[in-house]
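All remarks here apply to the structure that follows.
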Amino acid sequence: MKRIVLAYSGGLDTSVAIPWLRARYNADVIAMTMDLGQGKELEDVRDRALAAGAVRAHVLDVREEFASGYVIRALKADALYEDRYPMATSLGRPLIAKKLVELATIEQAGAIAHGCTAEENDRFRLDSSARALDPALEVLAPVREWDMTRPEVVAYAGSHGIPVPAMESQYSVDANLWGRSIQCGVLDDPWTEPPEEVFTLTKSGSECPDQPAYVELTFAGAHGVGRIDMVENRLVGSKSREIYEAPAAVVLHDAHKELQKMVVTREADRFSRLVSVQYADTIYNGLWFTPLREALDAYINAVQERVTGHIRMKLFKGACHIVGRKSPFALAEYGLSDEARDAFVAS
């Protein structure tokens, strides 16, 4: 019998996908759920997958691998899509594809599946990443294939004993340790101000403390830093209004960018900005597993050799300002340290 490894979120679509894939392809379905730091208990997700008909359900803790192998690389590259979006969702997709391919090998499965639709950026990211890692694997997208309306999906779930939430949220949320993405509902209208209910990591300006916080490379959701509201150029060619919430990412990106600028030459700084744009586009467009990304990493890692020091930041009612910086490798008019001078001359 055919085997399919499904990226399983525990939501309605991927729950329905389990019996649908079994019937459509006469296949055993193995569910795979990943803990990327989304901040919710995942043991009940395993139970839901098995109840829906999966023959096995794996829950993988990949937080450390995600942070060290993906988030840190993007941070070193100062990779912000269109100079604003830290790409929490985009960064998670190549790792999800990698784990799907690895589990498919272990389970001797000939196909993997995910819950993305035809219009979503994530479909391209997952498909291209999986095919780059194993071109022989079939990649299935049941939501794209089944052509059911939402009421029909709910009815299908009911007929297969799959619990349906009494009321589905109007928002589509994707979260991990690097941030949250919130879409749909009233947010589809770029003229509509995002309601406070969509934010969970940050406070509104009116609720922020009346005194600023001074931090050195730390997390700071309490001060309202990290809310992003932008019209984005999507991979498929359209534009869409996107809401992101990523306090840690925003603070760390600002700090790293300032520190790097302090310790590299003008020419290296300007070229690094071009590299940052290319790196962000590479991630966003689902091209993580490519020679280009590896070549960019080589340049970025060379630049990081002198990116050492401290950045002091002032966080106050949604604003993040750098108010202090120091490094033993600073290239400044007031003089270079011996270490910095030697390193600069050697380069």
Side-chain angles (χ1 to χ4, degrees), residues 66-95 125 178-179 215-218 225-226 228 230 232-233 235 244 246-313 320-337 339-347:
F66 180 49
S68 61
Y70 297 80
V71 169
I72 294 299
R73 287 181 176 179
L75 179 61
K76 289 192 297 184
D78 291 325
L80 295 169
Y81 184 65
E82 299 188 335
D83 207 33
R84 296 187 67 190
Y85 172 34
M87 300 180 295
T89 295
S90 310
L91 279 168
R93 296 317 184 235
L95 180 55
R125 294 170 184 144
W178 201 226
V215 297
E216 291 186 11
L217 298 181
T218 191
V225 174
I228 302 165
M230 61 185 286
E232 178 180 299
N233 288 302
L235 196 158
Y244 301 110
V250 168
V251 170
L252 289 170
H253 267 291
D254 283 355
H256 178 270
K257 186 181 297 184
E258 183 71 11
L259 182 59
Q260 179 169 301
K261 186 175 183 178
M262 189 180 190
V263 300
V264 301
T265 63
R266 178 186 62 184
E267 290 74 17
D269 178 54
R270 291 179 177 178
F271 185 71
S272 293
R273 294 180 210 172
L274 299 177
V275 171
S276 297
V277 172
Q278 183 61 63
Y279 205 94
D281 286 349
T282 299
I283 295 169
Y284 190 86
N285 294 338
L287 302 176
W288 183 268
F289 298 108
T290 60
L292 173 60
R293 197 269 303 164
E294 294 174 358
L296 293 173
D297 273 340
Y299 169 79
I300 292 162
N301 289 334
V303 171
Q304 300 310 300
E305 293 177 2
R306 292 205 301 274
V307 183
T308 299
H310 299 275
I311 296 293
R312 191 164 185 255
M313 312 187 82
C320 174
H321 299 290
I322 293 167
V323 295
R325 64 215 27 95
K326 60 182 179 180
S327 170
F329 300 110
L331 307 179
E333 290 184 359
Y334 51 78
L336 304 178
S337 69
E339 287 179 288
R341 183 181 295 105
D342 292 343
F344 181 64
V345 171
S347 65

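Everything numeric in this text was worked out from a predicted model, so none of it was measured. Quick note: numbers below take in every heavy atom, side chains included, and nothing from hydrogens, waters or symmetry partners.
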Those residues that, when tested against L80, pass side-chain contact (heavy atoms from CB on, under 4.5 Å) (two or more places apart): P86, H253, K257
Atom of E258, atom of I322 and distance for their closest heavy-atom approach: CB-CD1, 3.3 Å
From CH2 (W178) to CE (M87), nearest 0.5 Å: 10.5 Å
Residue pairs fulfilling salt bridge (Lys or Arg N to Asp or Glu O under 4.0 Å) with at least one residue in residues 267-292, sequence neighbours excluded: D269-R273
Those residues that, when tested against K76, pass side-chain hydrogen bond (donor to acceptor under 3.5 Å, both in side chains) (two or more places apart): N301
Taking every non-hydrogen atom, the tightest pair across I283 and A79: CD1-CB, 4.3 Å
Partners meeting ring-ring contact (aromatic ring centres under 6.0 Å, His included) with Y284 (sequence neighbours left out): Y81
pair V275-I300: side-chain heavy atoms closer than 4.5 Å: yes
Closest approach of V263 to S327 (non-hydrogen atoms, all atoms of both residues): CG1-OG, 3.4 Å
CD1-CG distance between I72 and L91, expressed to the nearest 0.5 angstrom: 10.5 Å
Residue pairs fulfilling side-chain hydrogen bond (donor to acceptor under 3.5 Å, both in side chains) with at least one residue in residues 66-75, sequence neighbours excluded: none
CA sep, side-chain torsions, deciding dist, call: S272, V303, side-chain contact (heavy atoms from CB on, under 4.5 Å): CA-CA 9 Å; S272 293; V303 171; 4.3 Å; yes
Validation row: V250, Y244 side chains within 4.5 angstrom (heavy atoms): no
E305: partners by salt bridge (charged side-chain N to carboxylate O under 4.0 Å, His left out), with sequence neighbours left out: none
Pairs satisfying salt bridge (Lys or Arg N to Asp or Glu O under 4.0 Å), at least one member in residues 284-296, at least two apart: R293-D297
ring-ring contact (aromatic ring centres under 6.0 Å, His included) involving F289 - partner list, sequence neighbours excluded: none
By side-chain hydrogen bond (donor to acceptor under 3.5 Å, both in side chains) - contacts of D78 (at least two apart): H256
From CE (M230) to OH (Y85), nearest 0.5 Å: 9.0 Å
Residue pairs involving residues 259-279 (criterion ring pair (Phe, Tyr, Trp, His ring centres under 6.0 Å); sequence neighbours excluded): F271-Y299
Exam field: side chain S276 to backbone A77, donor-acceptor pair closer than 3.5 Å: yes
Pairwise distance CZ(R125) to CG(L287) - rounded to 0.5 angstrom: 10.5 Å
Rounded distance (nearest 0.5 Å) linking atom CZ of R325 with atom CE of M262: 7.0 Å
Considering all heavy atoms, the nearest T290-T282 contact: OG1-CG2, 4.3 Å
Gap between atom CD of Q260 and atom CD1 of I311 - 0.5 Å precision: 11.0 Å
